[in-house]
Amino acid sequence: MLTQADYTARNTLPKAASGAAALPRAYADPEVIASFFADRTIVSHSPQHGTQVEYIAPNGTTFLWYPGNDTILRGSFNVLWENASAEIDDPQEGRYRGQINLNYVCFRYAANSYNPVTGHRGGGFECGSYARQREALRETRKGDVFGLAGRTKAPFPLGREPQSVAALQKLGAAKQQ
């Protein structure tokens, strides 16, 4: 039987030296990934999108603050997975063919929304590799740091440059003066 400690170790990376929350591993159980993102503000950055800020509520409702948008996009979040066969290198077992979970994070926004990078029109889920999503993550914080769930308008226009929560908070305070 798998103990809680073993389950946690199998599903999460060690905490960062900065004390940041331990991200679920790329092959973690889907419910571990979903619960990690529940009630969390996520700051991500990619060259294609720029900096995005999103709050994911405990019920999976999302609130996206996207560069160039003056409104907060409301949507929903889900984690899907598929079981795949792969070559696995294990320190104890050696190399063998086994089964792994491939996880996908999925977001759905209103039918009238549009993703300028992928060309995807809203209304249906758009899914991407969780492993790739983790690469774009710059920072996560527990709670709705920017109050996105209670807004319809963006706090201020987001730029395309990489940002942290602290830098965005400082920019927001400066714009209110």
Side-chain angles (χ1 to χ4, degrees), residues 12-13 16 18 20-28 30 32-57 60-82 84 86 100-149 151-175:
T12 58
L13 296 169
S18 65
L23 284 171
R25 294 181 186 274
Y27 55 82
V32 171
I33 295 169
S35 68
F36 173 82
F37 285 105
D39 191 29
R40 195 167 282 277
T41 298
I42 296 144
V43 177
S44 62
H45 182 269
S46 70
Q48 301 86 355
H49 291 284
T51 293
Q52 298 180 77
V53 179
E54 189 150 24
Y55 171 65
I56 301 174
T61 302
T62 64
F63 303 88
L64 175 63
W65 177 14
Y66 188 84
N69 284 3
D70 59 356
T71 60
I72 300 299
L73 294 176
R74 187 180 174 126
S76 55
F77 169 81
N78 202 354
V79 178
L80 302 177
W81 66 276
E82 68 179 335
I100 61 169
N101 284 346
L102 296 178
N103 290 300
Y104 302 92
V105 290
C106 304
F107 295 89
R108 176 177 54 200
Y109 301 102
N112 65 346
S113 64
Y114 175 73
N115 183 329
V117 173
T118 65
H120 184 267
R121 296 249 173 234
F125 277 104
E126 186 172 13
C127 299
S129 158
Y130 167 62
R132 186 154 289 150
Q133 174 79 15
R134 278 188 27 209
E135 292 171 7
L137 282 178
R138 294 191 50 81
E139 187 174 356
T140 70
R141 295 261 182 103
K142 198 71 174 155
D144 187 2
V145 175
F146 297 100
L148 301 180
R151 300 175 168 270
T152 54
K153 297 280 185 200
F156 56 87
L158 275 179
R160 297 196 47 80
E161 63 280 350
Q163 294 287 0
S164 67
V165 169
L168 290 168
Q169 288 172 323
K170 189 174 179 181
L171 278 169
K175 291 182 185 298

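None of these values were measured; they are calculated from a predicted model.
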Can you confirm whether more than 12 heavy atoms, excluding those of Arg74, are under 6.0 Å from its CZ atom?
no
What's the shortest heavy-atom distance between Tyr109 and Gly75, and which atoms?
CD2-CA, 3.8 Å
Heavy atoms of Gln163 and Ala167 approach each other most closely as OE1-CB, 3.2 Å
What's the separation between atom OG1 in Thr61 and atom CG in Leu148, rounded to the nearest 0.5 Å?
13.0 Å
Ile72 and Lys153: which non-hydrogen atoms are nearest, and at how many Å?
CG1-O, 3.8 Å
For Leu158 and Thr51 the tightest heavy-atom approach is CD1-O, 3.4 Å
Find the distance between OG1 (Thr152) and CG (Leu73) and round it off to the nearest 0.5 Å.
11.5 Å
CZ/Arg132: more than 12 non-hydrogen atoms of other groups inside 6.0 Å
no
Calculate, to the nearest 0.5 Å, the distance between atoms CD and CD1 belonging to Gln133 and Ile42 respectively.
7.0 Å
Okay, side chain of Tyr130, backbone of Pro24: is any donor-acceptor separation there less than 3.5 Å?
yes
Donor-acceptor check, side chain of Arg40 to backbone of Ile56, threshold 3.5 angstrom: yes or no?
no
Show the numbers, then the answer: is there a side-chain contact (heavy atoms from CB on, under 4.5 Å) between Val145 and Tyr55?
CA-CA 8 Å; Val145 175; Tyr55 171 65; over 6 Å; no
If I compare all heavy atoms of Arg160 with all of His45, which pair ends up nearest, and what's the gap?
O-NE2, 2.9 Å
Nearest 0.5 angstrom please: Tyr104 OH to Cys106 SG, how far?
9.5 Å
To the nearest 0.5 Å, what is the distance between OG (Ser46) and CD (Gln52)?
6.5 Å
Between the side chain of Gln48 and the main-chain N/O of Val117, is any donor-acceptor distance below 3.5 Å?
no
Carefully, step by step, assess Leu80 and Phe125 under the rule side-chain contact (heavy atoms from CB on, under 4.5 Å).
CA-CA 11 Å; Leu80 302 177; Phe125 277 104; over 6 Å; no
Any idea which heavy atoms bring Pro30 and Asn103 closest together, and the distance?
CG-OD1, 3.5 Å
Residues pairing under ring-ring contact (aromatic ring centres under 6.0 Å, His included) where one sits in residues 63-82, two or more places apart or in two chains, turn out to be Phe37-Phe77, His49-Tyr66, Trp65-Phe146, Trp65-Phe156, Phe77-Phe107
Thr41 side, atom OG1; Asp144 side, atom CG - distance, nearest 0.5 Å
5.0 Å
With a 3.5 Å distance limit and no angle check, can you tell me whether Asn69 reaches the backbone of Ala154 through a side-chain donor-acceptor pair?
no
